[in-house]
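Proteins come first, then strands; the chains are lettered A, B, ... in the order of their sequence lines, and each starts at number 1. Everything numeric in this text was worked out from a predicted model, so none of it was measured. Only heavy atoms go into these numbers, but all of them, side chains included; no hydrogens, no water, no symmetry mates.
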Number of protein chains: 2
Amino acid sequence: MNAARERAAEPTAAVAVDEVDAAYLESLIGYNARRAALAMIGAFLPGMAAFDLRPVDFSVLSLVLHNPGITSRQLCATLGILPPNLVGLVGTLERRGLVLRQPHPTDRRAMGLHLTAPGRALMRKAERTAAGIEAAVASRLSPAEARTLIRLLRKVYLDR
Amino acid sequence: MNAARERAAEPTAAVAVDEVDAAYLESLIGYNARRAALAMIGAFLPGMAAFDLRPVDFSVLSLVLHNPGITSRQLCATLGILPPNLVGLVGTLERRGLVLRQPHPTDRRAMGLHLTAPGRALMRKAERTAAGIEAAVASRLSPAEARTLIRLLRKVYLDR
DNA sequence: TATTGTTATACTCTATAACTATA
DNA sequence: TATAGTTATAGAGTATAACAATA
């Protein structure tokens with residue numbers, strides 16, 4: 001039965017897959033981290049859209065709120081954004097009257113970023129909304145599990 | 001001293017930021033998950049580049065390896081890829097002689113995907129490399145911590 | 001000589017509409 | 001009427017090179 005054996009060894013037998021086995025991918029930290037990050041972004045998008053903010057806009061405004069006078073260079077380094085891609089982002093936030101740029105006190109090349117009063121008011125609401133979204137997702141975890149998750153994630157991405 | 005008080009209340013005082021305070025962002029699961037996912041992808045890229053594979057190519061080939069006969073539709077549903085974006089991806093893998101498409105046994109609209117012998121040989125090496133990359137990153141975690149991390153990440157992104 | 005911010009530009013990734021063949 | 005696969009295309013995100021002003 002050569003033909004039968006060849007068919008048995010044939011790598012391309014025409015069989016249907018009833019249920020997909022993703023066990024291997026699900027054993028990888030990278031796969032799970034990406035899936036979780038995409039789920040969080042998916043949960044974030046509608047809430048932030050109410051303020052006409054993308055997640056990256058929220059991150060930038062949050063850093064400016066908590067670090068008045070922060071420079072573009074510092075924002076780029078903290079968030080992993082390339083300088084050319086931050087220019088338009090900050091420009092849009094400035095045109096919306098949420099941030100303003102002031103001369104840096106010691107470095108005349110740089111500009112310090114600050115929130116305007118409307119910018120601070122918007123961020124107060126946005127951070128409350130963000131906290132609610134986090135709480136909704138974290139409700140699947142106990143408070144201790146949420147703390148553990150953040151601690152382990154930081155171990156993964158922080159150098160040493 | 002109205003002028004002094006106004007300056008004190010002035011939201012845009014020209015002060016420099018010596019060290020960026022990202023404590024708020026670092027308290028968010030979403031921010032940490034995204035940072036960790038990007039770190040894992042960054043570790044993955046050079047290793048997979050040796051096989052001329054992107055992370056998404058590796059994911060697709062891995063699912064085809066462990067699910068011979070899987071359809072494009074099933075790949076899209078499992079990986080969150082939109083059908084139009086999978087066409088070129090699979091086409092490239094097919095032109096490279098790594099996968100081949102065979103008629104689906106029961107649905108003449110669909111095509112079952114299979115790895116060729118060179119495709120399986122490549123994936124044996126690629127999965128070994130992936131395991132090494134995972135181990136290198138997971139070396140910052142104890143085996144128990146790595147298991148806990150994956151379990152908590154799955155709680156975040158799995159519905160209920 | 002190096003760095004900050006900027007412009008222009010290219011490349012990749014992701015998303016939408018519409019079509020065909022078949023279920 | 002709905003689904004699998006496909007084409008064309010648009011939009012968002014990310015990348016590099018080069019420049020002026022300043023350190």
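In this view, Asn67(A) satisfies the side chain to side chain donor-acceptor pair (under 3.5 Å) rule with no residue, not counting sequence neighbours. Remark: Arg109(A) engages Asp107(A) in a salt bridge (charged side-chain N to carboxylate O under 4.0 Å, His left out) (not counting sequence neighbours). Applying the salt bridge (charged side-chain N to carboxylate O under 4.0 Å, His left out) rule to Glu145(A) yields the partners Arg151(B), Lys155(B); only residues at least two apart in sequence or on another chain are considered. With sequence neighbours excluded, no residue forms a side chain to side chain donor-acceptor pair (under 3.5 Å) with Ser72(B). For Glu127(B), the side chain to side chain donor-acceptor pair (under 3.5 Å) criterion is met by Ser62(B), His66(B), not counting sequence neighbours. In this structure, the side chain to side chain donor-acceptor pair (under 3.5 Å) partners of Arg154(B), at least two apart in sequence or on a different chain, are Glu26(A).
To the nearest angstrom, P of dA4(D) lies 16 Å from CZ of Arg101(B). The CG-P distance, from Leu38(A) to dG13(D), rounds to 13 Å in whole Å.
Protein chain B contacts DNA chain C over a range whose 5' and 3' limits, counting nucleotides with an atom under 4.0 angstrom from a non-hydrogen atom, are dC13(C) to dA23(C).
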Exercise for the section: Tell me, with the steps shown, if Leu28(A) and Leu25(A) meet side-chain contact (heavy atoms from CB on, under 4.5 Å). Expected result: CA-CA 5 Å; Leu28(A) 301 177; Leu25(A) 288 180; 4.2 Å; yes
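A pairwise comparison of heavy atoms in Thr71(B) and Ala110(B) identifies CG2-CB, 4.1 Å as the closest pair.
Looking at residues 72-89 of chain B, you'll see Leu82(B), Pro84(B), Asn85(B) sit with a heavy atom under 4.0 Å from some atom of DNA chain C.
Follow the hydrophobic side-chain contacts under 4.5 Å out from Ile133(A) and you never reach Leu153(B); the two are in separate clusters. Each of Val56(A) and Ile29(B) belongs to its own hydrophobic cluster when Ile, Leu, Val, Met, Phe, Trp and Tyr are linked at side-chain heavy-atom distances under 4.5 angstrom.
Applying the salt bridge (charged side-chain N to carboxylate O under 4.0 Å, His left out) test to residues at least two apart or on different chains, none of the pairs has a partner in residues 60-78 of chain B.
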Which donor-acceptor pairs under 3.5 Å do the side chains of residues 35-46 of chain B make with protein atoms, sequence neighbours left out?
unit_1: Arg35(B); atom_1: NH1; unit_2: Thr78(A); atom_2: O; d: 3.4
unit_1: Arg35(B); atom_1: NH1; unit_2: Tyr31(B); atom_2: OH; d: 2.9

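The overall bend of the helix from dT1(C)-dA23(D) to dA23(C)-dT1(D), read as the angle between its terminal helix axes built from five base pairs each, is 10° when rounded to 10 degrees.
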Pick out the pairs of N or O atoms, protein on one side and nucleotides 20-23 of chain D on the other, that lie under 3.5 Å.
unit_1: dA23(D); atom_1: OP1; unit_2: Arg108(A); atom_2: N; d: 3.0
unit_1: dA23(D); atom_1: OP2; unit_2: Arg108(A); atom_2: NH2; d: 3.4

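Between the side chain of Arg101(A) and the main chain of Leu113(A), no donor-acceptor pair closer than 3.5 Å is present.
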